[in-house]
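Take a look at the structure set out below.
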There are 2 protein chains.
Amino acid sequence: MPRMTILGYALLSLLASEPLSGYDLAQRMKKPISYFWHARHSQIYPELARLEELGYVTHEVIEQVERPHKKRYTITQAGYENLRDWLTKPTEIGPDRSEIVLKAYAIWMTDPRKAIDLFQAHLRLHIERLEQYERDYALIEREKSSSLTFASPLFGNYATLRKGIGYEREYVDWCRWMIDQAQAYLTQQEVTCKLQ
Amino acid sequence: MPRMTILGYALLSLLASEPLSGYDLAQRMKKPISYFWHARHSQIYPELARLEELGYVTHEVIEQVERPHKKRYTITQAGYENLRDWLTKPTEIGPDRSEIVLKAYAIWMTDPRKAIDLFQAHLRLHIERLEQYERDYALIEREKSSSLTFASPLFGNYATLRKGIGYEREYVDWCRWMIDQAQAYLTQQEVTCKLQ
DNA sequence: GATGACATGTAATCAGTTACATGATTAG
DNA sequence: CTAATCATGTAACTGATTACATGTCATC
């Protein structure tokens with residue numbers, strides 16, 4: 001018998017609001033599930049089969065005209081209970097890996113101008129994401145502000161978006177700080193040269 | 001011939017400052033490499049062999065009295081150049097996965113009191129880490145402030161610690177916000193009950 | 001006598017990515 | 001005719017974790 005994975009719970013947590021097909025789930029997890037879990041269809045399809053084997057979801061085939069058939073997955077009572085149990089279990093801080101922070105660790109050995117280019121390009125990516133998140137956030141606050149209370153399914157989007165925004169803002173600040181550090185070093189060098 | 005992995009660069013970036021044994025490297029990466037890359041010894045030993053095959057490190061065996069022998073790995077010129085090239089190559093935003101953020105996404109379906117417990121416990125973990133990082137940061141600022149300029153090897157510690165602090169502060173804020181949201185919902189519920 | 005630090009490795013397994021594979025319909 | 005969206009799957013591979021394996025010395 002297969003056991004539960006975090007991905008399994010991610011799928012259940014999406015199915016908890018509405019029945020979805022594997023394709024729908026993959027769409028929602030392309031852009032990480034409300035910004036903090038993602039998976040591809042090649043991982044999702046087998047995982048759905050596992051969830052079904054465990055009795056946490058069921059599916060029905062929907063025949064469509066002029067579209068391929070699809071499998072509509074629905075969470076079961078057992079799946080719902082399993083998810084609810086997992087949700088409130090103590091959660092450790094997961095291992096974090098960031099390629100750009102690793103690069104920052106060794107950046108001292110490079111040309112500061114190249115470092116500035118690196119962090120400026122990276123900064124742009126984070127600003128882009130941040131702006132997207134802020135647009136989404138403004139949208140749900142404007143249109144759904146009444147249902148953003150803790151017990152509403154939309155609260156999930158709200159809470160994770162808020163995390164995404166804080167996360168990206170922190171990255172933006174840090175990238176700017178890195179650029180400043182490299183720039184400060186460069187001007188310092190210039191002054192030293194002129195004095196000699 | 002094996003190819004380079006990010007772990008390989010992580011090891012090279014540690015060896016760039018000083019020669020180290022596999023055991024030393026594992027110690028430094030237990031607590032993630034200055035907080036944003038980690039690996040275990042079972043991954044590090046084979047990776048060192050790969051780096052040696054590629055000519056990016058060499059080792060010498062050091063016999064010790066009353067201690068097991070150890071292999072002291074040193075970065076080569078080729079390793080150093082390879083690392084330097086990689087460092088300034090454009091870097092994408094890696095996929096992020098956070099179990100607690102995923103839980104926040106589905107937390108609406110649970111008892112708010114259990115949610116408060118969950119986030120309070122998690123908050124404590126982040127506060128602990130944050131305080132550790134802040135102690136480390138204060139330490140290097142006090143003792144090594146003169147060598148914290150961009151081109152010094154210590155700048156790596158400084159920059160990654162700064163990221164770690166920002167990252168943990170953001171988590172602390174967000175956990176507190178989550179607790180507030182659950183609490184606000186509870187008080188709202190109470191008021192509604194009293195009025196009926 | 002047991003635990004923990006030092007020290008190095010391998011094997012089994014799992015999670016996740018990339019690539020392979022198929023097939024219909026719609027828009028440019 | 002080409003690319004994109006809808007729709008579902010499998011296979012090969014890589015990256016990472018857990019467990020297995022061995023051995024010394026110091027401390028409780």
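In what follows, chains are A, B, ... by sequence order, proteins preceding strands, each numbered from 1.
Where B:Lys70 and B:Arg97 meet DNA chain C, the nucleotide closest to each residue was compared, and B:Lys70 sits on the side nearer the 5' end. Map B:Asp24 and B:Ser42 each onto its nearest nucleotide of DNA chain C; the residue landing nearer the 5' end is B:Asp24.
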Just list the side-chain donor-acceptor pairs under 3.5 Å for residues 20-27 of chain A, sequence neighbours left out, or say none.
unit_1: A:Ser21; atom_1: OG; unit_2: A:Tyr23; atom_2: N; d: 3.4
unit_1: A:Ser21; atom_1: OG; unit_2: A:Asp24; atom_2: N; d: 3.1
unit_1: A:Ser21; atom_1: OG; unit_2: A:Asp24; atom_2: OD2; d: 3.1
unit_1: A:Asp24; atom_1: OD2; unit_2: A:Ser21; atom_2: N; d: 3.1

Distance-only check: which donor-acceptor pairs under 3.5 Å involve side-chain atoms of residues 144-154 of chain A, not counting sequence neighbours?
unit_1: A:Ser147; atom_1: OG; unit_2: A:Lys144; atom_2: O; d: 3.0
unit_1: A:Ser152; atom_1: OG; unit_2: A:Ser147; atom_2: O; d: 2.6
unit_1: A:Ser152; atom_1: OG; unit_2: A:Leu154; atom_2: N; d: 3.1

Only pairs under 3.5 Å count here: list side-chain donor-acceptor contacts from residues 87-94 of chain B, not counting sequence neighbours, and write none if there are none.
unit_1: B:Thr91; atom_1: OG1; unit_2: A:Lys103; atom_2: NZ; d: 2.8
unit_1: B:Thr91; atom_1: OG1; unit_2: B:Lys89; atom_2: O; d: 3.0

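Listed by chain and residue number, A:Arg28 satisfy the salt bridge (charged side-chain N to carboxylate O under 4.0 Å, His left out) test with A:Glu18 (two or more places apart in sequence, or in another chain). Residues satisfying the salt bridge (charged side-chain N to carboxylate O under 4.0 Å, His left out) criterion with B:Arg113, sequence neighbours excluded, are B:Asp111. With sequence neighbours excluded, no residue forms a salt bridge (charged side-chain N to carboxylate O under 4.0 Å, His left out) with B:Arg162. Residues satisfying the side chain to side chain donor-acceptor pair (under 3.5 Å) criterion with A:Arg135, sequence neighbours excluded, are A:Gln132.
Of the residues in residues 52-61 of chain A, not one places a heavy atom less than 4.0 Å from an atom of DNA chain D.
Residue A:Arg40 contributes atom CZ, which lies 18 Å from atom C1' of D:dA7 at whole-angstrom precision. As a whole-Å value, the separation of A:Tyr23 OH from D:dA4 P is 13 Å. Atoms CG (A:Leu48) and P (D:dA7) sit 15 Å apart, rounded to a whole Å. Taking atom CZ on A:Arg72 and atom P on D:dA7, their separation rounds to 13 Å, with Å as the unit. Rounded to a whole Å, the CD1 atom of A:Ile6 is 14 Å from the C1' atom of D:dA16.
There is a side-chain donor-acceptor pair under 3.5 Å between B:Glu81 and B:Gln77. With hydrogens and angles left out, the side-chain atoms of A:Thr58 and A:Glu52 include no donor and acceptor closer than 3.5 Å. Side-chain contact annotation: A:His69 with A:Glu63, donor-acceptor N/O pair under 3.5 Å absent.
Classified by interplanar angle (parallel below 30°, tilted 30° to 60°, perpendicular above 60°), the ring pair B:Tyr137/B:Tyr158 is parallel.
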Collect all protein-nucleotide pairs involving nucleotides 13-15 of chain D in which both atoms are nitrogen or oxygen and the distance is under 3.5 Å.
unit_1: D:dG15; atom_1: OP1; unit_2: B:Arg3; atom_2: NH2; d: 3.3

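The residue B:His41 sits close to a base: some heavy atom pair falls under 4.0 Å.
Sequence neighbours left out, the pairs with a member in residues 171-189 of chain A that pass side chain to side chain donor-acceptor pair (under 3.5 Å) are A:Ser98-A:Tyr171.
In this structure, A:Tyr9 has its ring center closer than 6.0 angstrom to the ring center of A:Trp86.
Contact between the side-chain N/O atoms of B:His38 and the OP1/OP2 oxygens of D:dT17 is found at a separation under 4.0 Å.
Across its full length, the helix from C:dG1-D:dC28 to C:dG28-D:dC1 shows an angle of 30° between the axes of its 5 terminal pairs at either end, rounded to 10 degrees.
Extent of DNA chain C lying under 4.0 Å from chain B heavy atoms, first and last nucleotide in 5' to 3' order, is C:dA5 to C:dT17.
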